[in-house]
Amino acid sequence: MNLRNLVAERLEAALEASLGEPASAIVQPASKREFGDYQANGVMGAAKRSRRNPRELAETVLKQADLLDVAEKTEIAGPGFINITLSEDFLAGLLNRSGALLTPTSKPETIVIDYSSPNLAKEMHVGHLRSTIIGDAMARVLTALGHRVIRQNHVGDWGTQFGMLITYLNETGSDSDLLADLESFYRQAKARFDADPEFAERSRQSVVSLQAGDPEIRTQWRRFIDISLSHCQNTYERLGVLLTPDDVQAESAYNDDLPQVVSDLEAQGLLRDSEGARCVFLDGSANEFKGKGGEPLPVIVQKSDGGYLYATTDLAAVRHRARVLKADRVIYLTDARQALHFRQIFAVAEKAGFSRPQMRLEHHPFGAMLGKDGKPFKTRAGSVVKLTELLDEAQARALDIVNAKSPELDETQRREIARVIGIGAVKYADLSKNRTSDYVFDWDQMLALEGNTAPYLLYAYTRIKSIFRRGEIDETKLDMPVSVADPAEHALAVQLLRFQETLEQVAEEGFPHFLCAFLFDLATQFMRFYEACPILSADSHSRGSRLQLCRHTADTLKAGLGLLGIETVERM
RNA sequence: GCGCCCGUAGCUCAACUGGAUAGAGCAUCGGCCUUCUAAGCCGACGGUUGAAGGUUCGAGUCCUUCCGGGCGUACCA
């Protein structure tokens, strides 16, 4: 039940009747409480286009609009805004309907989400956090709305790094089954690769052997992959991320398709040789695909030595997603530095017919994680921060606070609460910010546990649970109807009913921070309601209604946090 | 050089096809616990939205120029 759309449809029907042609009502949540619940801004623009007086048009629209059953008050304000206050009966009626406040879409799509995608042979670090967490939230939201979601973890398992590592281990006799060791070998191999051209050449030969299927090298490689993937899986489970080994669709999975991609491009006459490499040149608009000095920028699909690149793999992936998975939409969660790469890939895919006609290919870029100094987030020693260390720190800090605030709970409980708060705080800190910009990672702010943070939301939830415990109430058996009387009840009711429109917006635009903002508003409205309206001590009618509002709020907080991949606790 | 992104309160961030007096949190200051968890609520303070022009009933949002920052720009991913 999308409230906003409902209001918009009613107004647009009237608008069309008044104008003789359709026009958007541009309905938004009211910018101020005194304007009511929703405001419509579309009349002014429509009046201008049809050269009519905006206030008169607004009056005509309001006179014709069928709002009797939903609004208790409508008014025209300023140059032609229409302000709408929803009626108490309407709000109560919606909240009294059985079932959840969320209804699935009538147009389910098949949506591939390409996220997390770490390079293997290295431990996961903070650079992998945003893709993993945002992608996971998107997967959950789209699934909740009834879409068929295919998660794909496009791990990097096929690059030069494995050639270096294998060559280094074979030449030095080092070995280990521990990822931390492999990573340090890798670092040494990389140093040698950069310093010693002969070593570099032998490493490249190893890659060729690997890709040619040399059994011995293949076995070594397989073992590294297994070690890496099991580390990733541990991290996903700790983070509470949906990804499983079944979701791994590695770069190497497309290996056999790469020659076909190149020959398809060739057959369509899209390919050109340039400086020994096989390239697609895109026209693009203006300077979109121009490089240094205005030279056309190639998409290289095959290197002069015959090897393939990530562009080739990504094209093969588009083809696979279109033809085999029948995707209607593909969402890529990678950092913003790859924006040009994906613009190129999408353009080539379209030109070559690798994507389907109405298929939406979307790069959802995100910015870098910075330290408080505004530089890339690193440890004091200057190395990348490992994800496990980050989570350890978050839980330790959360535990200090739980110990201080809730000494009456036993240690097992305190540890469990600290785990949920710590992990939740890390995820929420990331999800609550507009993903496109760089964001500053600040321990103190993140775990300050006040303001727009996971702990604030969890606290609101535990307060509700506490009411049920205190009143010895089985919240699943509440049967009193909601009635909406107090202004705090009205505000809370409207907020609850905005869940649907919020999720639809997140799904469409790919910004989970809309959901965070919604939940923060919901928690804030609940806290105000909690302060303003006694619950357990109220008379029977109010008590029953308010308990229902509590139940709806708890359910929605839990569901919303769940869609962000954040757990809840019963007390804290 | 060219391209993309960004610049909002002391700090971290919002602002939904251009809408009403640019909103939150933190920090600072002041109120509110013998009543459902004070990790809370209420209030105060805090802004030339980097700068200058333009478009219009209306611009943080669109256009132009400039300043500042980040990233990308041919065989790494």
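Chain identifiers are assigned alphabetically (A, B, ...) following the order of the sequence lines, protein sequences preceding nucleic acid strands; residue numbering begins at 1 within each chain. Note: hydrogens, waters and symmetry copies are ignored here, and every other heavy atom, side chains too, is used.
Atom pair A:Asp539:CG and B:rC36:P shows a separation of 19 Å (rounding to whole Å applied). One can place OH of A:Tyr428 at 11 Å from C1' of B:rA14, the figure rounded to the nearest angstrom. Rounded to an integer number of Å, the gap from CG of A:Leu258 to P of B:rC75 is 18 Å. Atom CG in A:Asp438 sits about 12 Å away from atom P in B:rG72, given to the nearest Å. Rounded to an integer number of Å, the gap from CG of A:Asp305 to C1' of B:rC76 is 12 Å. Rounded to a whole Å, the NZ atom of A:Lys405 is 5 Å from the P atom of B:rA39. Spacing between atom NE2 of A:His341 and atom C1' of B:rC71 amounts to 16 Å, rounded to whole angstrom units. B:rU21 atom P lies 19 Å from atom CZ of A:Arg33, rounded to whole Å.
In the set B:rA77, B:rU37, B:rC13, the nucleotide with an atom closest to the side chain of A:Tyr459 is B:rU37. The side chain of A:Ile421 lies closest to B:rA39 when the candidates are B:rA20, B:rC76, B:rA39. If you check B:rC16, B:rG70, B:rA77 against the side chain of A:Leu309, the one that comes closest is B:rA77. Out of B:rG70, B:rG19, B:rG40, the shortest distance to the side chain of A:Pro79 is found at B:rG19. Taking every side-chain heavy atom of A:Leu340 into account, B:rU73 is the closest of B:rU73, B:rU37, B:rC71. The listed nucleotides are B:rA77, B:rC16, B:rG3; the one nearest the side chain of A:Arg343 is B:rG3. When distances run from any side-chain atom of A:Phe514 to the nucleotides B:rA14, B:rU37, B:rA15, the shortest one goes to B:rA15. If you check B:rA77, B:rC36, B:rC41 against the side chain of A:Glu531, the one that comes closest is B:rC41. Each of B:rU12, B:rA74, B:rC36 was ranked by its minimum atom distance to the side chain of A:Pro298; first place goes to B:rA74. Listed nucleotides B:rU21, B:rU73, B:rC13 differ in distance to A:Lys32; the shortest reach to its side chain belongs to B:rU21.
Only the C1' atoms considered, B:rC57 is 42 Å distant from B:rG72, to the nearest whole Å. Nucleotides B:rU65 and B:rC4 place their P atoms 12 Å apart, quoted to the nearest Å. One P atom belongs to B:rA22, the other to B:rC45, and the distance between them is 14 Å to the nearest Å. Atom name P, nucleotides B:rG43 and B:rU37: the rounded distance is 24 Å, in whole Å. Rounded to a whole angstrom, the distance from the P atom of B:rA44 to that of B:rG1 is 49 Å. Look at the C1' atom in both B:rU49 and B:rG68: the space between them is 15 Å, to the nearest Å. Here, B:rG47 and B:rA24 have their P atoms 15 Å apart, quoted to the whole Å.
Taking 4.0 angstrom as the limit, A:Arg528 places a side-chain polar atom (N or O) nearer than this to OP1 or OP2 of B:rC42. Side-chain nitrogen and oxygen atoms of A:His513 include at least one within less than 4.0 Å of the OP1 or OP2 phosphate oxygen of B:rA15. Within the structure, every side-chain polar atom (N or O) of A:Lys190 is placed at least 4.0 Å from both OP1 and OP2 of B:rC76. In terms of phosphate contacts, A:Lys290 brings no side-chain nitrogen or oxygen within less than 4.0 Å of OP1 or OP2 of B:rC2. Not one side-chain nitrogen or oxygen of A:Lys372 sits closer than 4.0 Å to the OP1 or OP2 atom of B:rC11. Contact annotation: A:Arg470 side-chain N/O to B:rU37 OP1/OP2 distance is under 4.0 Å. At the phosphate of B:rA77, neither OP1 nor OP2 sits under 4.0 Å from any side-chain N or O atom of A:Tyr308. Using a 4.0 Å cut-off, no side-chain N or O of A:Gln28 falls inside it from OP1 or OP2 of B:rA15.
Toward the 5' end of RNA chain B, the nearer of the two residues A:Pro296 and A:Asn119, judged by each one's closest nucleotide, is A:Pro296. In terms of position on RNA chain B, the residue among A:Arg204 and A:Asn452 whose nearest nucleotide sits closer to the 5' end is A:Asn452.
Using a 3.5 Å distance cut-off with no hydrogens or angles, the side chains of A:Glu362 and A:His364 do pair a donor with an acceptor. A:Asp37 and A:Thr85 are not linked by any side-chain donor-acceptor pair at a separation below 3.5 angstrom, with hydrogens and angles left out of the test. Using modelled atom types, one finds a donor on one side chain and an acceptor on the other under 3.5 Å when comparing A:Thr334 with A:His363.
Its glycosidic angle being within 90° of 0, B:rC33 falls on the syn side.
As judged by a 4.0 angstrom heavy-atom cut-off over every strand, A:Pro54 is placed among residues making no nucleic acid contact. If you check every strand for non-hydrogen atoms under 4.0 Å, A:Cys533 touches a base. The residue A:Ala336 sits apart from the nucleic acid: no heavy atom pair falls under 4.0 Å. When heavy atoms are screened at a 4.0 angstrom cut-off, A:Gln161 is found touching no nucleic acid atom at all. Nucleic acid contact class of A:Arg278 (heavy atoms, under 4.0 Å, all strands): none. A:Ser274 comes within 4.0 angstrom of a nucleotide base, judged by non-hydrogen atoms across all strands. Residue contacts for A:Ser537: at a heavy-atom cut-off of 4.0 Å it reaches no nucleic acid atom on any strand shown. Among the protein residues, A:Leu297 comes within range of the sugar-phosphate backbone only, with heavy atoms under 4.0 Å from sugar or phosphate atoms but none that close to a base. Using a 4.0 Å heavy-atom cutoff across all strands shown, A:Ile535 reaches at least one base atom of the nucleic acid. At the heavy-atom level, A:Ile26 lies under 4.0 Å from base atoms of the strands shown. Counting any heavy atom pair closer than 4.0 Å across all strands shown, A:Ala532 reaches no nucleic acid atom.
Annotation: side chain of A:Asp314 is in contact with side chain of A:His341 (closest heavy-atom distance under 4.5 Å). Between A:Leu3 and A:Glu501, some side-chain heavy-atom pair lies under the 4.5 Å cut-off.
For the pair A:Arg498 and A:Phe518, the cation-pi criterion (under 6.0 Å, within 45° of the ring axis) is not fulfilled.
Under the stacking criterion of a centre-to-centre distance below 5.5 angstrom and an interplanar angle below 30°, A:Phe81 sits stacked against the six-membered ring of B:rA20. Evaluation of A:Phe35 against the base of B:rA20 yields a stacking contact (centre distance < 5.5 Å, interplanar angle < 30°).
No hydrogens or angles were tested; on distance alone, nothing pairs the side chain of A:Ser31 with the base of B:rA15 as donor and acceptor under 3.5 Å. In this model, a side-chain donor or acceptor of A:Asn83 finds a partner on the base of B:rA20 within 3.5 Å. With hydrogens and angles ignored, no donor-acceptor pair closer than 3.5 Å exists between the side chain of A:Arg543 and the base of B:rC36.
The pair A:Glu183-A:Arg187 meets the salt-bridge criterion, since a charged nitrogen lies less than 4.0 angstrom from a carboxylate oxygen. Using a cutoff of 4.0 Å between basic side-chain nitrogens and carboxylate oxygens, A:Arg414 and A:Asp410 are not scored as salt-bridged.
Using bins of under 30°, 30° to 60° and over 60° for the plane-to-plane angle, the ring pair A:Phe199/A:Tyr168 lands in the perpendicular bin. Below 30°, between 30° and 60°, or above 60°: for A:Tyr332 and A:Phe346 the angle between ring planes is between 30° and 60°, a tilted geometry.
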